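Notes follow the structure.
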Amino acid sequence: YTATYTRTNIEYTVKFVDWDGTILSTKTYHYGDAVVAPEAPTKEADENYTYEFAGWTPEVVATVAGNEK
């Protein structure tokens, strides 16, 4: 008898979350897939400030290489 195996890709869920915790996008990727960020979110001005999107934290990687910490 010889052991045989079925190969299954590991799935990674990538979420993009706004400053207030609102989930903007959730997608499932596999190792090596290109990560696609959603359109830049907006934040309305308040009585003291206007807001301009400065980027994602942590910085978005080009491809999925494992779990983000």
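Being a predicted model, the structure only gives us computed values, none of them experimental.
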Could you list the donor-acceptor pairs under 3.5 angstrom formed by side chains in residues 30-42, with sequence neighbours left out?
| from | atom 1 | to | atom 2 | distance (Å) |
| --- | --- | --- | --- | --- |
| D33 | OD2 | H30 | N | 2.7 |

Pair up each side-chain donor or acceptor in residues 5-18 with any protein partner under 3.5 Å, not counting sequence neighbours, and list the distances.
none

Do F53 and W19 land in one hydrophobic cluster if side-chain heavy atoms of ILVMFWY residues count as linked below 4.5 Å? no
Which pairs pass side chain to side chain donor-acceptor pair (under 3.5 Å) with one or both residues in residues 43-61, sequence neighbours excluded? D46-Y51
